[in-house]
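Note sheet for the following structure.
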Number of protein chains: 2
Amino acid sequence: MRILIVEDEPTLGQQLKSTLEQTGYAVDLSTDGEDGHFLGSTEDYDAVVLDLGLPEIDGLTVLGMWRKEGRNFPVLVLTARDSWSDKVAGLDAGADDYLAKPFQTEELIARLRALIRRASGNTSSELTAGYVRLDTRSGRVTLDGEPVKLTAQEYKLLSYLMHHKGKVVSRTELIEHIYDQDFDRDSNTIEVFVTRIRKKLGADVITTIRGLGYSLDDPADTPRA
Amino acid sequence: MRILIVEDEPTLGQQLKSTLEQTGYAVDLSTDGEDGHFLGSTEDYDAVVLDLGLPEIDGLTVLGMWRKEGRNFPVLVLTARDSWSDKVAGLDAGADDYLAKPFQTEELIARLRALIRRASGNTSSELTAGYVRLDTRSGRVTLDGEPVKLTAQEYKLLSYLMHHKGKVVSRTELIEHIYDQDFDRDSNTIEVFVTRIRKKLGADVITTIRGLGYSLDDPADTPRA
DNA sequence: CCTCGACAATCAGGATGCGCATACCTCTAC
DNA sequence: GTAGAGGTATGCGCATCCTGATTGTCGAGG
């Protein structure tokens, strides 16, 4: 999962970035509205953390522009001001959630998790597909009830696929959402991790669609032929 | 739009109900968890406002039960307690948003609006023509309900035709859209793939218009000749 | 009505390149 | 130093695509 943070205060921004990275997200950080808007318009994010009190361009304006451009990633708005009218304005401008400074980092993480989960149409923090079960909250994966040990990257890949269950996900899409901005796109890492995951969870969890990408299917969703 | 409010405090509940009704919603009000759970399980709501501090059954429990039952209406949680851990628990239990008491009614309305808007943003990505069904999201094709395995090129060709259902598509147009940039135009690949698709989906899905190109027609759209 | 030319459909063999697996290297953490 | 993880490099097998030849079909004109 790839996150964009737009936060003008460098210390807070950096702190957020590293916290989220430790949690397993790929994070891009932008410190002003213009740059942030550009990134959000050109790159593909799973969620955005947006500070309203930005220099030059107001956060609300940036948000408005994104929505006008058709960008529909979930946006969590940070606001220093505590007036509820600002919050309402934010929500009406297309924000999906907001958080008033100061806040607990745990809460930010929980809200991001909820946003991403919701954006993928899931209501529970548990994702399942066949015998595989993934708890986004605890970061645990079980196969047929038995806990399975996945490495960080394996988890990220599997998590992204499970959030987009049933969808064909291209290799580039995976790379874009698992790694941040600059990463060597000509590499076979994805294939390698797919292989490793298959070794741990069974060959049939991830389906290859030759020439298009990968797909994770829930047998329950596939009406028998 | 139909809303369910589960709130044990009668005054607040009634006040919310009338406010929301003035805004144009149809509102059901329940004053305890058990009844509220029953309503949510049996009736069909567009959104639910749920107080966490309920007698008898905890709001979190109710929410958990709903989610387990597969109910996926958006839920906005009300909490008197201000501890962030409760909020985190709520979000992880499947809440879509929360609001801490006391709150401004305007804010509640704005958030409900946002929730409903978001929930209705599910656009299906299915194209159909006769017995053929193509889901652009999952990249899957079914014929009369039966899944059909197409290769990448077959899929691209079919997809393009279905996106331009009823239109006559020339061979050059197909080549230009399926292959990138320069491709040997003197080649009969398109014909080959048309043949293959016809073999898998039936000869009548793609009509040949001699000298012009191909066309994919939906029998439903074609008044009988 | 038949013939002929042009266009379309089909078939099969061979090249391509995609995806898989495995081994190898680097880096970090302990 | 060791162990585990992430990433790179390489060879192989096979599904998939393309090519080119052949067969089939349509339609106009004699």
Side-chain angles (χ1 to χ4, degrees), chain A residues 1-2 18 21-27 139 141 148-161 168-216, chain B residues 139 141 148-161 168-216:
Chain A
M1 294 298 157
R2 192 155 161 225
S18 54
E21 277 172 348
Q22 276 169 35
T23 322
Y25 295 112
V27 182
V141 176
V148 178
K149 239 191 107 187
L150 292 188
T151 70
Q153 304 292 333
E154 287 163 8
Y155 177 82
K156 285 190 205 172
L157 206 162
L158 180 67
S159 160
Y160 187 83
L161 283 177
V168 175
V169 182
S170 71
R171 215 154 329 189
T172 41
E173 185 177 348
L174 280 172
I175 287 183
E176 276 171 3
H177 286 266
I178 289 175
Y179 300 96
D180 51 11
Q181 263 211 304
D182 16 53
F183 179 82
D184 184 20
R185 270 91 202 281
D186 306 347
S187 138
N188 67 343
T189 24
I190 299 297
E191 274 131 305
V192 171
F193 281 111
V194 168
T195 304
R196 287 180 181 160
I197 291 174
R198 287 211 254 241
K199 231 176 198 166
K200 292 186 179 179
L201 298 178
D204 49 342
V205 278
I206 300 175
T207 317
T208 305
I209 290 100
R210 208 162 229 265
L212 294 179
Y214 296 98
S215 154
L216 190 145
Chain B
V141 177
V148 177
K149 238 190 109 188
L150 293 187
T151 70
Q153 307 287 342
E154 289 163 8
Y155 176 83
K156 284 190 207 167
L157 206 162
L158 180 67
S159 163
Y160 187 83
L161 283 177
V168 177
V169 182
S170 72
R171 215 152 328 184
T172 41
E173 186 177 347
L174 280 172
I175 287 183
E176 276 170 4
H177 281 89
I178 289 175
Y179 298 96
D180 41 348
Q181 293 271 302
D182 18 49
F183 178 82
D184 185 18
R185 270 87 199 287
D186 307 347
S187 135
N188 67 341
T189 32
I190 298 297
E191 275 115 317
V192 172
F193 283 113
V194 168
T195 302
R196 287 194 176 147
I197 292 173
R198 288 211 254 240
K199 231 179 196 166
K200 291 186 179 179
L201 298 178
D204 49 343
V205 279
I206 299 175
T207 318
T208 306
I209 288 96
R210 209 151 230 270
L212 293 178
Y214 298 97
S215 153
L216 190 144

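Letters A, B, ... mirror the listed sequences (proteins, then strands); counts begin at 1.
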Under 4.0 Å between a side-chain N or O of [X] and OP1 or OP2 of [N]?
{"X": "Thr151(A)", "N": "dG6(D)", "result": "yes"}
{"X": "Thr189(B)", "N": "dC17(D)", "result": "no"}
{"X": "Tyr179(B)", "N": "dC17(D)", "result": "no"}

To the nearest 0.5 Å, tell me how far Ile190(B) CD1 sits from Glu173(B) CD.
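Interatomic distance, Ile190(B) CD1 to Glu173(B) CD, rounded to 0.5 Å: 11.0 Å.
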Just verifying a value: how many Å separate Ile197(B) CD1 and Leu157(B) CG, rounded to the nearest 0.5 Å?
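Answer for the CD1-CG pair, Ile197(B) versus Leu157(B), is 4.5 Å.
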Got a list of side-chain donor-acceptor pairs under 3.5 Å for residues 206-215 of chain A, not counting sequence neighbours?
{"from": "Thr207(A)", "atom 1": "OG1", "to": "Asp217(A)", "atom 2": "OD2", "distance (Å)": "3.2"}
{"from": "Thr208(A)", "atom 1": "OG1", "to": "Arg198(A)", "atom 2": "NH2", "distance (Å)": "3.2"}
{"from": "Ser215(A)", "atom 1": "OG", "to": "Asp217(A)", "atom 2": "OD1", "distance (Å)": "3.0"}
{"from": "Ser215(A)", "atom 1": "OG", "to": "Asp217(A)", "atom 2": "OD2", "distance (Å)": "3.4"}
{"from": "Ser215(A)", "atom 1": "OG", "to": "Arg140(B)", "atom 2": "NH2", "distance (Å)": "3.3"}

Which pair of heavy atoms, one from Tyr179(A) and one from Ala26(A), lies closest together, and at what distance?
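The pair with the smallest heavy-atom distance is C-CB, 3.5 Å.
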Walk along nucleotides 7-24 of chain C from 5' to 3' and tag each nucleotide B, S or - by protein heavy-atom contact under 4.0 Å, base first, then sugar-phosphate.
BSSBB------BBSBS--
My understanding is that only one of Lys149(A), Lys200(A), Lys199(A) makes a salt bridge (charged side-chain N to carboxylate O under 4.0 Å, His left out) with Glu154(A); could you say which?
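That would be Lys200(A).
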Give the rounded distance in Å between these two atoms: [atom1] of [X] and [atom2] of [N].
{"X": "Glu154(B)", "N": "dC17(D)", "atom1": "CD", "atom2": "C1'", "result": "10 Å"}
{"X": "Ile190(A)", "N": "dA9(D)", "atom1": "CD1", "atom2": "P", "result": "16 Å"}
{"X": "Tyr155(B)", "N": "dT16(D)", "atom1": "OH", "atom2": "C1'", "result": "18 Å"}

With sequence neighbours excluded, residues passing ring-ring contact (aromatic ring centres under 6.0 Å, His included) with Tyr160(A)
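Per chain and number, Tyr160(A) pairs via ring-ring contact (aromatic ring centres under 6.0 Å, His included) with His164(A), His177(A).
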